[in-house]
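All remarks here apply to the structure that follows.
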Amino acid sequence: MSYIQDVYELVVKKNPAEPEFHQAVREVLDALEPVMERHPEYEENRILERLTEPERVVMFRVPWLDDKGRVHINRGFRIEFNSAIGPYKGGLRFHPTVYLGILKFLAFEQVFKNSLTTLPMGGGKGGSDFDPKGKSSNEVMRFCQSFMTELSRHIGPNTDVPAGDIGVGGREIGFLFGQYKRLRNEFTGVLTGKALNWGGSLIRPEATGYGAVYFAQNMLATKGENFEGKVCTVSGSGNVAQYTIEKLIELGAKPVSVSDSNGSIHDPDGIDTEKLAYIMELKNVYRSRIKEYADRYKNATYHEGKRPWFIPCDCAFPSATQNEINGEDAALLVKQGCTLVAEGANMPTDPDGVDAFLANNVLFGPGKAANAGGVAVSGLEMAQNAQHTRWPREEVDRRLQEIMSAVHAQAADAAADYGKPGNYVVGANIAGFVKVADAMLDQGVV
Ligand code: NDP
């Protein structure tokens with residue numbers, strides 16, 4: 001039995017009932033088979049066993065009071081997965097589906113993604129099964145304060161620097177930062193995604209969506225194409241989806257969908273800047289349902305319970321959540337002419353879907369490469385905080401574009417080097433892995 005297979009079986013045995021973690025590990029390990037053949041030192045030093053075992057997992061109780069004075073208990077987590085190339089870095093997710101397996105998959109992915117950004121950041125992830133939907137702002141604040149009271153013991157600007165993810169946006173980062181500052185009596189860059197007037201970076205809110213489109217632009221350029229006139233489907237209507245749409249509009253594409261956990265909007269006329277401003281207000285200010293879009297724009301249709309993959313498109317940007325494109329969705333996308341998929345979300349395509357895209361020569365940018373722009377600009381926010389300075393918008397955007405081109409080049413080069421040209425899944429996993437594995441070798445058995 002091969003080393004890779006042994007390690008995978010060990011991971012499944014040691015981490016029962018965590019299918020998302022198994023899925024993320026499987027994808028990485030499958031890509032690494034040829035690397036293990038070329039570099040026996042990784043097996044000799046048990047790099048894969050070490051890499052699949054988080055350095056530290058913190059799990060804690062988060063008690064809080066609602067507006068009526070009733071007591072609620074949620075569970076909080078921080079997975080500090082790998083610090084070989086820098087302090088742990090990765091977002092916090094507040095969503096009722098959060099449990100250990102989801103956060104371990106996300107933290108594991110983050111290790112390779114952060115490595116690809118070219119910046120010195122290790123991998124981590126955290127969050128809670130708390131559902132911010134339907135809670136008042138005061139309830140969200142009390143929850144964030146309780147969550148940070150425990151989390152503050154484990155993080156710091158040179159140790160572990162969380163950011164946002166699903167359910168954690170600017171409002172939550174503000175509440176979390178306020179409590180950290182109060183407990184520690186220090187104003188440091190311990191969180192990224194901060195507001196501009198207290199340490200945030202320009203372009204951070206935009207970074208993941210813009211970055212996914214820049215990555216896609218790099219993929220299109222390999223075929224001598226650009227976004228002009230391309231019909232694009234986007235899922236989700238949160239942070240990543242909103243700024244993906246903004247950049248697509250700017251580059252002359254025609255985004256025609258958005259969605260939320262209840263259903264999808266198809267707007268055949270295209271979403272323009274005015275409609276996007278409405279989506280932003282609907283989701284960020286009123287925290288409402290995307291269904292209302294169809295009440296306002298009469299040519300648009302709402303599809304309850306459906307994801308947007310039935311809509312014909314040239315390019316697809318899954319930007320909501322994990323496993324939102326299965327094999328059937330992928331086959332339908334291909335059949336209707338989709339030739340590019342860039343994953344704004346983490347692991348939105350399941351293994352059957354990935355196989356279908358690769359078998360049909362779709363330009364497929366996996367999340368750990370295509371959505372690395374968010375954490376990359378978080379890294380730039382840390383750099384600005386450490387220097388007590390702030391870079392102008394153009395400077396951050398220029399660096400983001402350079403980083404996304406570098407991520408693309410590393411993935412493309414590694415894929416070609418290992419005999420799979422054009423396969424960004426294999427390329428991103430190998431390029432992300434090698435940098436971390438070599439750092440682990442340098443640092444001894446720790
Ligand atoms: P937001 O909370 O801003 O938005 C999430 C969107 O996805 C909402 O429209 C939400 O709908 C929808 N959604 C969430 N869960 C589900 C579900 N189970 N089924 C269907 N739809 C769902 O999060 P982000 O935009 O920040 O994150 C989206 C994805 O991008 C995630 O996979 C995240 O890990 C990834 N990502 C985010 C980064 C960032 O910088 N924010 C960086 C890199 C990756 P509803 O309103 O109904 O909940």
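Ligands are counted one by one from 1 in listed order, and the atoms in each one are counted from 1 as well. Numbers here are sequence positions counted from 1.
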* Asked: Which residue pairs pass the salt bridge (charged side-chain N to carboxylate O under 4.0 Å, His left out) test when at least one of the two sits in residues 294-316, sequence neighbours left out?
  -> Arg307-Asp329
* Asked: Using a threshold of 4.0 angstrom between heavy atoms of the protein and any atom of ligand 1, which residues qualify?
  -> Arg93, His95, Lys133, Asp165, Ile166, Gly167, Arg204, Thr208, Gly236, Ser237, Gly238, Asn239, Val240, Ser259, Asp260, Ser261, Lys283, Arg289, Ser319, Ala320, Thr321, Gly344, Ala345, Asn346, Asn371
* To do: Not counting sequence neighbours, list each pair that qualifies as a side chain to side chain donor-acceptor pair (under 3.5 Å) and has a residue in residues 166-178.
  => Ser137-Arg171
* Tell me, yes or no, whether the heavy-atom count around Glu328 atom CD, taken from other residues, nucleotides or ligands under 6.0 Å, exceeds 12. => no
* To do: Run the ring-centre check on Phe364 versus Tyr424 and record whether the distance is less than 6.0 Å.
  => no
* Asked: Taking it one step at a time, do Tyr297 and Asp267 satisfy side-chain hydrogen bond (donor to acceptor under 3.5 Å, both in side chains)?
  -> CA-CA 8 Å; Tyr297 300 106; Asp267 186 344; over 6 Å; no
Tell me which donor-acceptor pairs under 3.5 Å the side chains of residues 92-106 have, and how far apart each pair is, sequence neighbours excluded?
| from | atom 1 | to | atom 2 | distance (Å) |
| --- | --- | --- | --- | --- |
| Arg93 | NE | Asp165 | OD2 | 2.6 |
| Arg93 | NH1 | Gln322 | OE1 | 3.0 |
| Arg93 | NH2 | Asp165 | OD2 | 3.1 |
| His95 | ND1 | Thr97 | N | 3.3 |
| His95 | ND1 | Thr97 | OG1 | 2.8 |
| Tyr99 | OH | Glu20 | OE1 | 2.4 |
| Lys104 | NZ | Asn15 | OD1 | 2.5 |
| Lys104 | NZ | Glu18 | OE1 | 2.8 |
| Lys104 | NZ | Glu18 | OE2 | 3.4 |

